[in-house]
Amino acid sequence: MTAGSGQRTADGERRALPRLVLIADGFTSEAVQRQVLEAVQAGRLWLHLRDHAASDEAFAQAAHALAAQVRAVRPGTLVSVNTRTEVARPLGVGLHVGTRGPSVAEARRRHPGALLSYAAHTPSEARAAAEQGADAVLFSPIFPTTSKPGHLGIGLEALAACCAAVPDTPVFALGGITPARAASCLSAGAYGVAVLSGILRAPDPAAATALYLDAL
């Protein structure tokens with residue numbers, strides 16, 4: 001485990017990050033929320049709340065409601081909000097930024113002390129984010145994925161280069177990740193993996209989550 005693979009808690013204790021990130025894309029939908037809650041029941045993961053199309057009001061209301069349900073199902077579940085600092089701060093959760101939302105430095109200024117992750121697509125982006133204070137990097141797309149039709153994926157060599165560029169920052173491989181591919185991502189140096197459709201579109205999200213956790 002790298003020196004940067006932990007989350008600093010309020011009392012100063014360093015707690016290891018979960019190795020599985022679930023990106024709850026479109027989480028304002030009740031159908032997605034049901035999938036999320038079943039996944040959370042299956043084991044420890046890091047939940048990212050994302051819905052680029054939602055209004056600020058709808059996003060905030062759904063985030064507060066779902067975070068409360070998640071904490072009821074599995075207390076201590078790590079939650080982050082994508083890009084919307086004004087939602088993350090009052091909720092007391094982490095913040096994920098990238099090309100959308102504030103820069104890493106601005107996010108750190110607006111939400112000091114929060115767990116801050118960054119979406120990178122090149123090793124240089126990852127290095128810059130780490131230098132500005134990002135606690136973790138989500139690097140993508142590693143493999144072909146339905147969310148980026150026609151993109152072949154940047155591959156495991158690029159993932160390894162990213163991990164080498166930020167040796168003290170945990171890197172999560174994202175894009176086309178299946179349980180069978182998780183081991184190759186770890187071998188390339190990734191701390192963990194991030195998943196969307198592999199869980200959100202699974203007929204049994206709890207079983208799918210368990211498969212990912214077993215692979216990690």
Side-chain angles (χ1 to χ4, degrees), residues 1 5-11 13-97 111 113-117 119 135-136 138 147 170 172-174 177-179 182 185 190-216:
M1 186 178 296
S5 56
Q7 174 199 15
R8 184 73 66 180
T9 61
D11 60 2
E13 179 185 0
R14 185 170 286 284
R15 185 176 63 181
L17 291 173
R19 293 187 184 271
L20 176 62
V21 173
L22 171 57
I23 300 176
D25 189 34
F27 79 97
T28 58
S29 150
E30 291 184 1
V32 173
Q33 292 171 13
R34 286 194 294 271
Q35 296 286 101
V36 167
L37 291 173
E38 289 190 37
V40 169
Q41 288 179 322
R44 183 171 179 260
L45 52 77
W46 181 5
L47 177 63
H48 282 218
L49 303 181
R50 185 175 91 174
D51 194 332
H52 296 315
S55 68
D56 290 343
E57 181 179 7
F59 190 105
Q61 290 179 350
H64 279 78
L66 184 56
Q69 294 178 75
V70 165
R71 287 164 175 164
V73 168
R74 185 174 289 276
T77 296
L78 194 58
V79 178
S80 283
V81 161
N82 277 39
T83 73
R84 308 204 193 196
T85 315
E86 70 281 6
V87 177
R89 190 168 48 201
L91 261 179
V93 300
L95 182 66
H96 179 76
V97 298
H111 197 9
L115 179 64
L116 181 59
S117 55
D135 297 303
L138 275 61
S147 64
F172 292 81
L174 168 65
I177 307 296
T178 63
C185 295
Y191 175 77
V193 302
V195 179
L196 288 82
S197 59
I199 293 175
L200 295 183
R201 296 179 185 172
D204 185 340
T209 301
L211 288 175
Y212 280 103
L213 291 172
D214 287 346
L216 293 169

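Bear in mind the structure is a predicted one, so any value in this text is a computation, not a measurement.
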| message | Tell me whether the count of non-hydrogen atoms from other residues, nucleotides or ligands lying under 6.0 Å of CZ in R71 goes above 12. | response | yes
For [Y], does its backbone N or O pair with a side-chain atom of [X] as donor and acceptor, under 3.5 Å?
X    : Y    : result
S197 : L200 : no
D135 : L116 : yes
Y191 : A173 : no
R74  : V40  : yes
Y212 : I199 : no
Q33  : F27  : yes

Can you see which heavy atom on [X] is nearest to which on [Y], and at what distance?
X    : Y    : result
G94  : A88  : O-CB, 3.6 Å
V93  : H111 : O-NE2, 2.9 Å
A54  : T28  : CB-CG2, 3.9 Å
G198 : A202 : O-CB, 3.6 Å
A206 : A42  : O-CB, 3.4 Å
A72  : P75  : O-CD, 4.3 Å

| message | Tell me every residue that passes salt bridge (Lys or Arg N to Asp or Glu O under 4.0 Å) with D214, counting only those two or more places apart in sequence or in another chain. | response | none
| Of all residues at least two apart in sequence or in a different chain, which pass the salt bridge (Lys or Arg N to Asp or Glu O under 4.0 Å) check with D51? | none
Do [X] and [Y] come close enough that some side-chain heavy atom pair is under 4.5 Å?
X    : Y    : answer
P18  : L78  : yes
L47  : V36  : yes
L174 : V193 : no
L37  : Q69  : yes
T83  : V81  : no
L45  : R19  : no
W46  : V79  : no
H96  : L49  : no

Rounded to the nearest 0.5 Å, what's the gap from [atom1] on [X] to [atom2] on [Y]? Could you check?
X   : Y    : atom1 : atom2 : result
Q35 : D204 : CD    : CG    : 9.0 Å
S80 : L115 : OG    : CG    : 5.0 Å
L95 : N82  : CG    : CG    : 8.0 Å
Q61 : L66  : CD    : CG    : 13.5 Å
H48 : L138 : NE2   : CG    : 5.5 Å

| task | Check the pair V32 / D25 against side chain to side chain contact (heavy atoms under 4.5 Å, CB included), numbers first and verdict last. | result | CA-CA 8 Å; V32 173; D25 189 34; over 6 Å; no
| field | Criterion side chain to side chain contact (heavy atoms under 4.5 Å, CB included) on V195 and V21, from CA distance to verdict | value | CA-CA 6 Å; V195 179; V21 173; over 6 Å; no
